[in-house]
Amino acid sequence: MDEQPRLMHSHTGVGMAGHPGLPQHMQEGTGGTDGDGRKQDIGDILQQIMTITDQSLDEAQARKHALNCHRMKPALFNVLCEIKEKTVLSIRGAQEEEPPDPQLMRLDNMLLAEGVSGPEKGGGSAAAAAAAAASGGAGADNSAEHSDYRAKLSQIRQIYHTELEKYEQACNEFTTHVMNLLREQSRTRPISPKEIERMVSIIHRKFSSIQMQLKQSTCEAVMILRSRFLDARRKRRNFNKQATEILNEYFYSHLSNPYPSEEAKEELAKKCAITVAQVSNWFGNKRIRYKKNIGKFQEEANMYAARTAVNAANASSHGSQANSPSTPNSAGGYPSPCYQSDRRIQ
DNA sequence: TTCAATGATTGGTT
DNA sequence: AACCAATCATTGAA
């Protein structure tokens with residue numbers, strides 16, 4: 001490749017004796033005044049710089065050495081440094097102080113709050129406690145879930161820290177590498193310390209954007225874990241037998257109007273150790289499911305009817321007859337299972 | 001593994 | 001706001 005330029009300069013030596021390779025118009029003034037000689041020197045050195053990429057490696061090395069030893073080199077180098085300094089400064093002015101990224105701050109805050117980026121033990125338990133508080137503190141048997149949650153959180157945490165460390169290390173390695181390279185090059189081409197500094201900050205910015213992605217995906221993972229842990233549907237537990245019996249008892253003894261008042265709901269909730277909302281859910285589900293398939297619930301209905309009857313008998317035998325359990329079955333609402341079952345049997 | 005039972009959620013209605 | 005109806009997602013027995 002580039003055979004053409006090579007051919008053009010192929011006859012030029014490295015030696016400083018002549019001025020080979022110079023364009024015709026530059027050679028014209030040779031042998032003139034003292035100023036002409038200096039001009040010639042500069043032209044020579046510039047020409048060599050221009051053609052340095054056209055040389056083979058050995059040739060270039062030799063040329064580099066020659067350039068380094070040239071008496072004009074320091075002066076030229078300084079001029080180039082000055083020019084560069086000016087342009088670099090003008091570039092720097094535009095992008096000086098960047099404000100801290102609000103999104104990054106948000107991510108950092110969240111990771112800290114979730115105990116991913118904070119201190120090892122304290123953060124984790126704090127997050128678990130927060131999760132427990134948010135879950136409504138329903139049952140006492142969620143300690144197993146807590147440990148599960150904590151285990152997964154610490155897994156995320158570990159991955160996060162490993163990756164973060166990896167990126168940091170890579171960043172440092174790359175930075176040192178680039179700095180060494182620039183320092184090495186600064187011996188042959190004008191590189192100011194400021195320029196190196198700027199390069200380092202560019203590298204850091206690049207790596208911190210990668211870190212931000214890591215933080216973002218970590219946040220997402222934590223959110224998913226949290227939602228899984230907190231989503232009641234996923235950790236649904238059937239009510240215990242006693243609670244179900246209390247609810248069923250109320251339902252079948254108020255079959256004509258199975259709509260407990262707010263007070264009744266509260267009392268049922270207390271008795272069953274569940275929330276009022278859960279009582280409402282239960283009655284909503286029960287009503288619709290009973291209505292949809294009364295036949296299926298006949299047996300259950302009869303059982304509870306019999307039980308309330310026994311209770312009533314016991315209560316009356318103990319004294320007051322008036323306050324037997326209210327069974328306003330015959331009114332509106334759903335058909336009475338007893339009568340219906342009688343009808344069915346016949 | 002399948003499937004009925006069941007607690008919770010969602011969207012619509014009154 | 002309470003309720004209904006349909007649906008989702010899990011549980012637990014077969």
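Within every chain, numbering begins at 1; the chains are lettered A, B, ... in the order of the sequence lines, protein sequences first and strands thereafter.
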Taking atom [atom2] of [N] as reference, at what distance in whole Å does atom [atom1] of [X] sit?
{"X": "Lys241(A)", "N": "dA5(B)", "atom1": "NZ", "atom2": "P", "result": "17 Å"}
{"X": "Ile288(A)", "N": "dT13(B)", "atom1": "CD1", "atom2": "C1'", "result": "13 Å"}
{"X": "Phe297(A)", "N": "dA5(B)", "atom1": "CZ", "atom2": "P", "result": "8 Å"}
{"X": "Phe239(A)", "N": "dT11(C)", "atom1": "CZ", "atom2": "P", "result": "14 Å"}
{"X": "Asn257(A)", "N": "dA2(C)", "atom1": "CG", "atom2": "C1'", "result": "13 Å"}
{"X": "Glu299(A)", "N": "dA5(B)", "atom1": "CD", "atom2": "P", "result": "12 Å"}
{"X": "Phe283(A)", "N": "dG7(B)", "atom1": "CZ", "atom2": "P", "result": "12 Å"}
{"X": "Lys286(A)", "N": "dC3(C)", "atom1": "NZ", "atom2": "P", "result": "17 Å"}

Check whether any side-chain N or O of [X] sits under 4.0 Å from OP1 or OP2 of [N], and answer yes or no.
{"X": "Gln278(A)", "N": "dG7(B)", "value": "no"}
{"X": "Lys291(A)", "N": "dA5(C)", "value": "yes"}
{"X": "Lys296(A)", "N": "dT6(B)", "value": "no"}
{"X": "Arg237(A)", "N": "dT11(C)", "value": "yes"}
{"X": "Asn281(A)", "N": "dA8(B)", "value": "yes"}

- prompt: How is the hydrophobic cluster of Leu107(A) composed, in terms of its other members, when Ile, Leu, Val, Met, Phe, Trp and Tyr link through side-chain heavy atoms under 4.5 Å apart, directly or indirectly?
  reply: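 Members besides Leu107(A), by chain and number: Leu104(A), Met212(A).
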Taking only residues two or more places apart in sequence or in another chain, which ones pass side-chain contact (heavy atoms from CB on, under 4.5 Å) with [X]?
{"X": "Asn109(A)", "answer": "none"}
{"X": "Lys206(A)", "answer": "none"}
{"X": "His204(A)", "answer": "Cys171(A), Thr175(A), Val200(A)"}
{"X": "Glu245(A)", "answer": "Lys241(A), Tyr304(A), Arg307(A)"}

- prompt: Side chain of Lys292(A): nearest nucleotide among dC4(C), dA6(C), dT11(C)?
  reply: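 Selected nucleotide (nearest to the side chain): dA6(C).
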Polar pair under 3.5 Å, donor/acceptor by atom type, side chain [X], base [N]:
{"X": "Arg289(A)", "N": "dG7(B)", "value": "yes"}
{"X": "Arg236(A)", "N": "dT6(B)", "value": "yes"}
{"X": "Asn285(A)", "N": "dA8(B)", "value": "yes"}

- prompt: Within the side chain of His177(A), is there an N or O that forms a donor-acceptor pair under 3.5 Å with the backbone of Glu173(A)?
  reply: no
- request: Check whether any side-chain N or O of Ser261(A) sits under 3.5 Å from a backbone N or O of Ala264(A) as a donor-acceptor pair, and report yes or no.
  value: yes
query: Roughly how bent is the helix from dT1(B)-dA14(C) to dT14(B)-dA1(C) end to end, in steps of 10 degrees, with each end axis from five pairs?
result: 10°
- prompt: Is it true that Phe283(A) and Ile294(A) fall in one hydrophobic cluster, defined by side-chain heavy atoms closer than 4.5 Å?
  reply: yes
Most 5' of Asn238(A) and Pro260(A) on DNA chain C, judged by nearest nucleotide: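 Mapping each residue to its closest nucleotide by heavy atoms, the 5'-most match is Pro260(A).
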